[in-house]
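Read through the structure below, which is laid out as structure tokens, and then see the notes.
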Amino acid sequence: MALSCRSWLSNEGGKHLFLLFWLSINVLLFWKTFTLYYYGAQYYYLHRMLGLKVLEAGEQYLSNNGSCWRICRETGWLQLGLCISRASASVLNMNCSLVLLPMCRTLLAFLRGSQKVTSRKARRLLDKSKTFHITCGFTICLFSVIHVAAHVVNALNFSLRYSEDFPTLNVAHYRDEDPRKILFTTLPGVTGFFMVLVLFLMCTSSSYSLRFSNFDIFWYTHNLFIVFYILLLLHVTGGMLKYQTNLDQHPPGCIDPNKTLIDDFPIPEYPAEPIPEGYAEPESGMESNSERVCTEAPKFQSNSQETWLWVSGPLCLYCAERLYRYIRSNKPVTIVSVNSHPCDVIEIRMVKENFKARPGQYIVLHCPSVSAFESHPFTLTTDTVIEKSTGTEIPTENRGTFGIHLRVLGDWTERFRERLLSEPNLDAEILPILRQRNYPKLYIDGPFGSPSEEVFNYEVSLCVAGGIGVTPFASVLNTLLDDWKRYKLRRLYFIWVCKEIQSFLWFADLLCILHDKLWQENRPDYLNIQLYLSRTNGIQNLNGEKYQALNSRLIIGKPRLKLLFGEIAKCNRQKCVGVFCCGPNDLSKELHKLSNKTCSHGTKFEYNKESFS
């Protein structure tokens, strides 16, 4: 049990400590703002208008920094609308700024590749950017509901407790005004309504089922964040809630010489209380507020707007990055060839000037003829071009070529395949020049970092792929084919699970060439390949003499991951094994669970999940 806990802390400690820190900041902001509006003397008259019953106007004590007011109030939940609305607004301000940072892909890729970020744990924390983005988004939705509910209560109280003494404090125009009129005829109310509507659309369209069935809806609604931030900056300019600015000349609850009392309600007298420790004795002649005479009437001013201070920095950073990415990706790439593979998989080889990428990175692909705005991420799979005629490998950096493999699954990929393979009977590899003019314009953005880059930073790595999820590891295998000796990696376990035998043909040539090369260099233990066929239809082998090495590693059924982890731990004692997964959620969850639990023979497993942000 102790070993299991230590393994869990090692794998999840950094993430959970960061989330704990983030949660603490949220709680601190909420509590600090709540107490400010609950006890602040500058909000005394605003509280009275909202129905807060004053028990004690307080006694004035002198401290080193000036006067300090202690105002105690007895309230019901419906009378705390002001405090809750402002406290929730503080939490919203912080999360509306943080939610943008995980989407700065170029910045994250730069930090991952920077020499300053040398810690593997820090780089693994960057891989959780998508999770943090979702967490911030959920928090925004939750506190938006709280914020709206509190302001509905405020509108009701402003209507029921309308006062003619302080017209500048009144949000309502007359007593018993319809609260709906207050909410839907003011700038904060109207902008707040549309912000809630945008949040609702963004939240509902982010569900996995909708993203899988119709990614267009998710993409278009999520880009409404631009409208949301415009409305947010307009929302805070209303200045409806005000505070008192002249507390020295007009202490709350004092007597106006021209009136009996400044309020409609008399302030009761209470017996004197002992002076709290730490406060000085009141000066001679100091009187209670109920006996003091005001030197002037109270003056009120709208709260200073803090939202732009929170949001402007991350928003400008995100906009600058989007502009940089637009400039970087405004020139179309040249498509060298298009190959159709079994099981509806298409391989695209491209070339672009000054394009450089690290193994495991991905690009975002945009085809205007398919969709004017929609784009999708794809892992770079071809870092090395293998010439089938000679069997020799040509490094990408010499020819500037790179490639991706995509599976046709969904409306966007269906339309994209139609544009690429308008003449399916022609061999694109035989006639690349003739077919070039028929290719659609293609733009790419990237490359961006991913967890697969960390494969080379472990002495032992376990890569588990499900179906087309093999693409992140194809780039890794290509890199090892070029030169495996320059990396820290000394043993790679490669597990690939497919439903159909034809799926293994996507990268069968690459696996065979790498296998033969390692055997020729007397390192047969460097790469451990296990291929699993989860469904059988009578064909249980790859046809061809050159695939004999793979057929001997082909297993019918699903991998027994628990036994596999035990075997890896036994063969790699006292080492840290990097676990990488790209595949179905069930497979990912099982690997994650085993990485946290397995700690036999002193072996530690660190889980890394491939997830595009």
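By convention here, the first residue in the shown sequence is residue 1.
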Does Thr307 have any side-chain hydrogen bond (donor to acceptor under 3.5 Å, both in side chains) partners at least two apart in sequence or in another chain, and if so, which? Asn93
Measure from the side-chain N and O atoms of Asn246 to the backbone N and O of Lys299, and report whether any donor-acceptor pair falls under 3.5 Å. yes
Looking at residues at least two apart in the chain, or sitting in another chain, which of them share a salt bridge (Lys or Arg N to Asp or Glu O under 4.0 Å) with Glu321? Arg325
Evaluation steps, side chain to side chain contact (heavy atoms under 4.5 Å, CB included), between Leu46 and Tyr37: CA-CA 10 Å; Leu46 185 58; Tyr37 279 84; 5.7 Å; no
Please state whether the rings of Phe184 and Phe193 are parallel, tilted or perpendicular, taking 30° and 60° as the class boundaries. perpendicular
Between Ser329 and Tyr443 (side chain of the first, backbone of the second, donor and acceptor by atom type, cut-off under 3.5 Å), is there such a pair? no
Would you please classify the geometry between the Phe34 ring and the Phe30 ring as parallel, tilted or perpendicular, with 30° and 60° separating the classes? parallel
Testing the basics here: between Ser206 and His222, what is the closest heavy-atom pair and its distance to 0.1 Å? OG-CE1, 3.2 Å
Side chain to side chain, Cys83 and Tyr43, heavy atoms closer than 4.5 Å: no
So, do Leu594 and Glu590 sit near enough that their side-chain heavy atoms are less than 4.5 Å apart? yes
Minimal heavy-atom distance between Ser90 and Thr33, with the atoms involved, is OG-OG1, 2.8 Å
Minimum heavy-atom distance Cys582-Pro472, with the two atoms named: SG-CG, 3.7 Å
For residues 230-238, dump all side-chain donor-acceptor pairs below 3.5 Å to protein atoms at least two apart in sequence or in another chain.
| unit_1 | atom_1 | unit_2 | atom_2 | d |
| --- | --- | --- | --- | --- |
| His235 | ND1 | Pro188 | O | 2.9 |
| His235 | ND1 | Thr191 | OG1 | 2.9 |
| Thr237 | OG1 | Leu234 | O | 2.6 |

Holding to salt bridge (Lys or Arg N to Asp or Glu O under 4.0 Å), I want the full list of residues that pass it with Arg415, two or more places apart in sequence or in another chain. Asp411
What pair of heavy atoms forms the shortest contact from Phe580 to Pro451, and how long is it? CE2-O, 3.2 Å
Sub-4.5 Å side-chain heavy-atom contact between Leu210 and Phe218: no
Is it true that Phe225 and Tyr318 have ring centroids separated by less than 6.0 Å? yes
Just to verify, what does His366 make a ring pair (Phe, Tyr, Trp, His ring centres under 6.0 Å) with, not counting sequence neighbours? none
Which salt bridge (Lys or Arg N to Asp or Glu O under 4.0 Å) pairs, counting each pair once, include a residue from residues 179-192, with sequence neighbours left out? Asp178-Arg180
Return yes if some donor-acceptor pair links the side-chain N/O of Ser159 with the main-chain N/O of Ala155 below 3.5 Å, else return no. no
Closest non-hydrogen atoms of Cys581 and Ser588, given as atom of the first, atom of the second and distance, are SG-CA, 3.8 Å
Heavy-atom count check: over 12 atoms from other residues, nucleotides or ligands less than 6.0 Å from Tyr220 OH? yes
Does any part of the side chain of Phe143, heavy atoms only, come nearer than 4.5 Å to the side chain of Asn95, both counted from C-beta? no
Let's go through Ile146 and Ile84 carefully: what are the C-alpha distance in whole Å and the side-chain angles of both, what is the deciding distance for side chain to side chain contact (heavy atoms under 4.5 Å, CB included) to 0.1 Å, and is it a yes or a no? CA-CA 8 Å; Ile146 297 174; Ile84 295 177; 3.6 Å; yes
Stepwise side chain to side chain contact (heavy atoms under 4.5 Å, CB included) check, Leu317 with Leu101: CA-CA 8 Å; Leu317 177 64; Leu101 296 179; 4.0 Å; yes
For Val364 and Tyr362 the tightest heavy-atom approach is CG2-CE1, 4.3 Å
Can you find a pair of side-chain heavy atoms, one from Thr106 and one from Phe448, that are under 4.5 Å apart? yes
Return yes when atom CZ of Phe21 has more than 12 non-hydrogen atoms of other residues, nucleotides or ligands closer than 6.0 Å, and no otherwise. no
Please determine whether side chain to side chain contact (heavy atoms under 4.5 Å, CB included) holds for the pair Tyr607 and Asn596, giving the CA-CA distance in whole Å, both sets of side-chain angles, and the decisive distance to 0.1 Å. CA-CA 8 Å; Tyr607 180 76; Asn596 292 335; 5.6 Å; no
